[in-house]
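Here the structure is a predicted model, which means the values were calculated and not measured. Residue numbers start from 1 in every chain, and the chains themselves are labelled A, B, ... in the order their sequence lines are given, proteins ahead of strands.
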There are 2 protein chains.
Amino acid sequence: MSAKKVTLRDIAEHLGVNTSTVSRALNPKTSKMLTAEQVRRVQEAADALGYVQNTMAYALKKGRSMTIGVIIPDLMNPVFPPILKGIMNYLNREAYTSIIAYSENDMELALTEIKRMKGRQVDGFILAGAFRDDFSVDYCVDNNIPAITVGRSVDKDVVDKIVIDNESGMQQMVEHLLELGHRRIALIAAPQNISDGYERYRAYLEQLESHGIEVDESLIVQAEAFSQDAGRKATGELLSRNVPFSAVIAANDLVALGCIEELERNGVHCPDDVSVIGFNNMPYLDQFRVPLTTIEIPRLRMGEKAARVILERLKKPEMPLQHIVLEPRLLVRSSTARCRDA
Amino acid sequence: MSAKKVTLRDIAEHLGVNTSTVSRALNPKTSKMLTAEQVRRVQEAADALGYVQNTMAYALKKGRSMTIGVIIPDLMNPVFPPILKGIMNYLNREAYTSIIAYSENDMELALTEIKRMKGRQVDGFILAGAFRDDFSVDYCVDNNIPAITVGRSVDKDVVDKIVIDNESGMQQMVEHLLELGHRRIALIAAPQNISDGYERYRAYLEQLESHGIEVDESLIVQAEAFSQDAGRKATGELLSRNVPFSAVIAANDLVALGCIEELERNGVHCPDDVSVIGFNNMPYLDQFRVPLTTIEIPRLRMGEKAARVILERLKKPEMPLQHIVLEPRLLVRSSTARCRDA
DNA sequence: GTGAAAGCGCTAACAC
DNA sequence: GTGTTAGCGCTTTCAC
């Protein structure tokens with residue numbers, strides 16, 4: 001078998017034609033310029049020699065790399081693989097390739113990766129870990145590189161975005177808890193510099209008010225990250241305040257898991273003493289020790305949509321800013337129960 | 001800010017020097033050819049103009065893309081993200097980029113992806129989903145593209161490999177169960193065309209024999225995949241045979257989870273009636289309803305090693321075939337208990 | 001319908 | 001120490 005790389009020239013020489021003929025024959029958009037016979041000959045030779053187009057040369061020539069850069073905060077957070085899969089599914093279908101990097105929730109690192117990918121001539125970016133004010137997004141905008149955020153979005157209206165309806169999610173959570181008779185509902189808020197964190201916090205305030213529940217500031221604690229550890233810590237703080245509560249809305253499932261752990265460590269049981277509700281419906285959650293009630297988000301579709309929109313954007317740079325909102329859905333399991341005092 | 005791409009030439013013109021001077025100044029390996037002053041000037045200009053090297057042009061010129069292709073079976077299987085992370089960590093540190101594709105456990109698809117990546121001039125491959133006899137691996141060998149398998153390996157000694165010691169893993173499992181008094185130990189074997197499946201099956205036979213337990217073929221069932229669903233099905237079959245058993249060794253954690261589910265559906269409780277043991281220690285397993293006893297494998301390190309070895313291979317094509325074996329470790333949780341009849 | 005030739009951005013002989 | 005130049009593999013305008 002061939003050890004050397006087979007190029008257009010190899011085929012051309014083999015056939016005694018010009019490289020441009022080969023190039024034209026192999027490209028469906030230009031092959032109609034040639035006789036069907038010629039096209040067939042070239043294609044056969046290409047197959048026989050094991051030709052594979054050199055994407056680098058193509059990219060250099062055309063100024064498009066058929067590559068999309070994807071930045072996610074963290075590979076280990078189970079929310080992201082399905083989003084990634086959605087992205088890759090769609091991109092593959094369109095003959096695009098994705099290149100992936102993680103930012104560890106660090107804007108500086110994100111920017112470094114973006115620059116690196118810019119060097120690789122990516123045609124656009126899908127950003128899954130943006131902050132509300134994010135200079136790595138600004139960099140894309142300033143450098144005229146198409147970008148879209150998926151999930152976490154930026155405040156400024158400068159790039160396309162795929163988001164989930166946090167207000168609706170929070171409404172479903174709050175109404176579920178109210179129906180169960182809960183009135184003292186604590187919130188472990190996510191970082192406020194992330195759109196999901198901020199929006200859910202705002203929505204929590206609104207929903208309580210619109211349902212006639214007075215907001216008690218001492219029931220709101222801040223998680224410093226979307227992690228189990230942060231959930232434990234925040235719950236510790238909540239507990240230390242010695243205010244009564246019968247339910248906790250957590251920033252996401254991981255935080256909820258940490259919350260339950262810390263509660264139990266203090267002899268407070270879920271859902272008997274306190275109901276806990278998460279967000280995201282991470283994989284296998286139904287099989288956990290305490291199957292979490294949570295909000296399911298359409299992760300695969302988020303990824304697919306993001307891929308679809310970024311490719312559209314590449315084709316139509318002047319298209320109006322896209323702002324796609326996906327609906328989340330309450331999933332009731334057994335971490336929430338009727339309020340004892342109700 | 002700049003909308004256009006900044007090239008070497010832009011910097012050269014801006015400074016009134018030749019592009020080669022700029023090229024040399026920006027490359028640490030050649031910058032010593034120039035005066036320190038010159039290097040400084042160039043670097044400043046590059047920063048000021050926002051220069052980012054065009055990796056495509058570099059790759060085309062050098063014939064190396066600084067890219068490694070990574071093929072995994074499935075993004076959603078929680079075993080792979082940590083391996084990926086290990087790979088990406090190491091590769092990034094060495095200024096390499098990874099491009100990832102999934103094969104859905106389909107050799108044909110894997111080959112398609114490999115060809116696509118070959119077109120992108122990847123310098124080598126890390127294959128995480130190989131079969132024991134795998135023509136996509138052969139393709140790499142035939143085409144002289146460096147490749148390494150991580151985890152699942154091929155039978156032929158043709159590429160470097162990172163594996164875990166399945167024999168040791170099985171020994172730890174069997175000895176643990178024997179200590180608990182189990183004698184009727186069933187096996188839900190993984191697909192036999194995958195090295196891990198085959199090796200664990202062989203090791204199961206050996207370990208039972210070397211501990212003086214007679215192998216009962218009716219205690220061995222075949223899972224058709226490394227999935228929860230396959231675990232359920234296989235367990236159903238095992239149950240239908242109506243042979244007594246007090247412990248099950250599952251192909252992996254997912255299969256074990258499916259097994260437990262099916263057992264309970266039939267009124268058999270874990271670990272009270274039957275002990276179940278998994279493999280891999282997937283994330284969050286300790287928090288599941290039945291915290292699985294399992295074998296922990298060093299996934300992050302597997303990824304890092306694979307990345308390290310493939311880069312070594314690139315540097316030293318003549319280096320002897322690497323065969324690195326990593327040790328797994330038994331993690332006792334509560335899906336295994338003393339045998340009731342013991 | 002096909003060939004010739006230029007050039008994408010970069011590096012590395014080879015000059016001087 | 002720095003400039004000149006060729007060429008990596010491809011597409012595409014311009015000839016014919």
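Looking only at atom types and distance, the side chain of A:R24 has no donor-acceptor partner in the side chain of A:S31 under 3.5 Å away.
The residue among A:T21 and B:T7 whose nearest nucleotide of DNA chain C lies closer to the 5′ end is A:T21.
In this structure, A:D160 and A:E312 have side chains that are not in contact, with every pair of non-hydrogen atoms separated by 4.5 Å or more.
For the contact set between residues 25-41 of chain A and DNA chain C, defined by any heavy atom under 4.0 Å, the members are A:M33, A:L34, A:T35, A:Q38.
Within the 4.0 angstrom heavy-atom criterion, base atoms lie near A:S20. Contacts of B:N18 with the nucleic acid, taken as non-hydrogen atoms under 4.0 Å apart, include base atoms.
For the pair B:K62 and C:dA12, the criterion of a side-chain N or O lying under 4.0 Å from OP1 or OP2 is met. Neither OP1 nor OP2 of C:dC8 sits under 4.0 Å from any side-chain N or O of B:Y58. Within the 4.0 Å cut-off from OP1 or OP2 of C:dT11, at least one side-chain nitrogen or oxygen of B:Q53 is found.
Between the side chain of A:T55 and the backbone N or O of B:G119 there is at least one donor-acceptor pair closer than 3.5 Å.
Closest non-hydrogen pair, A:S98 versus A:V70, comes out as CB-CG2, 4.0 Å. Considering every non-hydrogen atom in both A:L321 and A:D157, the closest pair reads CD2-O, 3.3 Å.
Picking from D:dG9, C:dA12, C:dA4 the nucleotide with the shortest atom distance to the side chain of B:L60 gives D:dG9.
Atom NZ of B:K118 and atom P of D:dG9 are 12 Å apart (whole Å). Note: CD (A:E13) to P (C:dG3) measures 13 Å, nearest angstrom. Atom pair A:N54:CG and C:dC8:P shows a separation of 18 Å (rounding to whole Å applied). Atom P of nucleotide C:dC10 and atom CE of A:M56 are separated by 14 Å, given to the nearest angstrom. Taking atom CG of residue B:L8 and atom P of nucleotide D:dT4, one finds them 15 Å apart after rounding to whole Å. Rounded to whole Å, the distance from CD1 on A:I11 to C1' on D:dG9 is 12 Å. Rounded to an integer number of Å, the gap from CZ of A:R9 to P of D:dT11 is 15 Å.
The residue from B:Q43, B:E37, B:Q38, B:E44 that alone fulfils the side-chain hydrogen bond (donor to acceptor under 3.5 Å, both in side chains) condition with B:R41 is B:Q38.
The environment of A:R9 atom CZ is sparse: at most 12 non-hydrogen atoms of other residues, nucleotides or ligands sit within 6.0 angstrom.
One can find a donor-acceptor pair under 3.5 Å joining the base of D:dG7 and the side-chain atoms of B:K61.
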